[in-house]
Protein chains: 2
Amino acid sequence: MSKTENHISGAGGDTEFADIFAALGDPTRLAIFDRLSDGQARSIAVLSDDADMTRQAVTKHLRVLENAGLIESHRIGRESRYVFCPDRLALARAWLDHVAGRWDGALMRLKSFVEDGPAPSCDKHLKVKED
Amino acid sequence: MSKTENHISGAGGDTEFADIFAALGDPTRLAIFDRLSDGQARSIAVLSDDADMTRQAVTKHLRVLENAGLIESHRIGRESRYVFCPDRLALARAWLDHVAGRWDGALMRLKSFVEDGPAPSCDKHLKVKED
DNA sequence: AAAACATGCAACTTTTTAGTTGCGTATTGA
DNA sequence: TCAATACGCAACTAAAAAGTTGCATGTTTT
C-alpha cells in the first residue's frame, strides 16, 4: 500500500476525507459549490455578487474549496475563473456510501440474529464493545 | 412549501447541510463516526480509549456529532452510550448525489452541444455566466 | 493616457473551535 | 461503607477560521 492512503476509511487516514467535509461545512462554501456544479466557470466578482460579504471573504472561501480539491481556478486575462471539480466529491460520496453500507450490513446481521438466534461465537451482541 | 426548507439545495437552506458536513469535517469525529457505523453502542470511556486526547475533548466531539443529528446518546446507569444515527447521513448523501447529478447533467449537455452543434438559444456556453 | 475593472497581498479584529484542567456528582462493585 | 468508575459542568488557554480594510498590481475599455 502506498503512503498516501487511498482506500476508504483507513483508520487514521481520515484526514483527507475530513478536509473535504470541512470545506463543505460552511453555508457560503456550500452555496458556491452548489452553484458551480452546473459546470459553468465563474469569476470571483460574479460569485461575490449575491454573497453578503466582501469579495476578499469570498476569495478565501474559494481558496478553501480549491485546497480541498473541490474546485479549480485558472486565470483568464484579469479575472480568475473557478470551475467545479468532481474527483474529490466522488471520494466523499464513496466514504459516505461506505459508512452507510456498513450500517446496513450491521442491521442485516442484527435482523438474522433476531430471526435465527445467535450465530456461533456471537455472545457479545448488544453489549458495549470493548474493542 | 413549508418554512423549513426540506428540498435539496434550497439556495439559502444550505445551513442544515453545512452543519452535517462541518460535523464530519474533523479527523477525530470522522473516526468516531466511522467506528460507530457498525451499529454498536459505545460509552464515552470506550470511545476515548484509543484517542490521543482527553475524555472531555472526546465528549465535545460527540456533542458536535449529536447536535448534527449524526449520532444519538442515551444514558444507561452511569454511562452514556452513543449510537449511529442514519437519517442525517442519508440527507448528506442525497445532497452530494444531487450536486454530482447536476454536474453529470451539465457534462451531457456539453457533450451534445459539441456533437450536435449549438442548440437554440444556447449562445453563451463556455462563457462566464452573469447569473 | 486615463478610468474602470478584477484581483492579490498583508495586517488586523472578532469569533469559533479544539483541547485542557479542576472539581463535583452519581453509579457500580468489593 | 469505601474505592473505583463514568460522567457532567465551568473556566481557561491556544489556535484556527471568518471577515474586514487598505493598498498595490495587472488588464480592459474608452
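Residue numbers begin at 1 in each chain, while the letters A, B, ... track the order of the sequences.
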Just how far, in rounded Å, is [atom2] of [N] from [atom1] of [X]?
{"X": "B/Met53", "N": "C/dT17", "atom1": "CE", "atom2": "P", "result": "16 Å"}
{"X": "A/Lys60", "N": "D/dT21", "atom1": "NZ", "atom2": "P", "result": "13 Å"}
{"X": "A/Leu47", "N": "C/dG8", "atom1": "CG", "atom2": "C1'", "result": "16 Å"}
{"X": "A/Asp52", "N": "D/dT20", "atom1": "CG", "atom2": "C1'", "result": "14 Å"}
{"X": "A/Gln56", "N": "D/dA17", "atom1": "CD", "atom2": "P", "result": "18 Å"}
{"X": "A/Leu65", "N": "D/dA17", "atom1": "CG", "atom2": "C1'", "result": "14 Å"}

side-chain N/O [X] vs [N] OP1/OP2, d < 4.0 Å:
{"X": "B/Ser80", "N": "D/dG8", "answer": "yes"}
{"X": "B/Ser43", "N": "D/dA6", "answer": "no"}
{"X": "B/Arg75", "N": "D/dA6", "answer": "no"}
{"X": "A/Arg29", "N": "D/dG19", "answer": "no"}
{"X": "B/His61", "N": "C/dG19", "answer": "yes"}

Give [X] one of three labels, base, sugar-phosphate or nothing, depending on what nucleic acid heavy atoms sit under 4.0 Å from its own.
{"X": "B/Arg55", "value": "base"}
{"X": "A/Thr54", "value": "base"}
{"X": "A/Ala57", "value": "base"}

Notebook entry, point to check: How do A/Asp26 and B/Arg78 order along DNA chain D: which one's closest nucleotide is nearer the 5' end?
Noted result: B/Arg78
Checklist line | Contact summary for A/Tyr82 and A/Ile44, nearest pair of heavy atoms | finding: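 That would be CE1-CG1, 3.7 Å.
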Next item on the list: May I ask you to say whether A/Asp50 pairs ionically with A/Arg35, meaning some side-chain N is under 4.0 Å from a carboxylate O?
Entry: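 Yes, charged N to carboxylate O under 4.0 Å.
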Note to self: I want to check something: taking the side chain as every heavy atom from C-beta on, are B/Trp103 and A/Leu89 in contact at a cut-off of under 4.5 Å?
What the structure shows: no
Notebook entry, point to check: Can you find a donor-acceptor pair, distance only, under 3.5 Å between A/Glu79 side chain and C/dC5 base?
Noted result: no
Show every donor-acceptor pair shorter than 3.5 Å between a side-chain atom in residues 62-78 of chain A and any protein atom, with sequence neighbours excluded, or say none if there are none.
residue : atom : partner : partner atom : Å
A/Glu66 : OE2  : A/Ser73 : N            : 3.3
A/Glu66 : OE2  : A/Ser73 : OG           : 2.8
A/Asn67 : ND2  : A/Arg63 : O            : 3.3
A/Arg75 : NH2  : A/Arg78 : O            : 3.4

Counting only pairs under 3.5 Å, give me each side-chain donor-acceptor contact of residues 20-29 of chain A, with atom names and distances, residues two or more places apart or in other chains.
residue : atom : partner : partner atom : Å
A/Asp26 : OD1  : A/Thr28 : N            : 2.8
A/Asp26 : OD1  : A/Arg29 : N            : 3.2
A/Arg29 : NE   : A/Ala23 : O            : 2.7
A/Arg29 : NH1  : A/His61 : ND1          : 3.1
A/Arg29 : NH2  : A/Ala22 : O            : 3.2

Check: Do B/Ser37 and A/Arg102 meet the criterion of a side-chain donor-acceptor pair at a distance under 3.5 Å?
Finding: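 B/Ser37 vs A/Arg102: donor-acceptor pair found between side chains.
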Notebook entry, point to check: Starting at the 5' end of DNA chain C and moving along, which residue's nearest nucleotide shows up first, B/Ala22 or A/Arg63?
Noted result: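 On the 5' side of the pair lies A/Arg63.
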Notebook entry, point to check: To the nearest 10 degrees, how far apart in direction are the end axes of the helix from C/dA1-D/dT30 to C/dA30-D/dT1, each fit to five base pairs?
Noted result: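 Taking the rotation axis at each end, their angle is 30°.
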Notebook entry, point to check: Which distance, rounded to the nearest 0.5 Å, do you find between the CD of A/Glu79 and the OG of A/Ser43?
Noted result: 4.5 Å
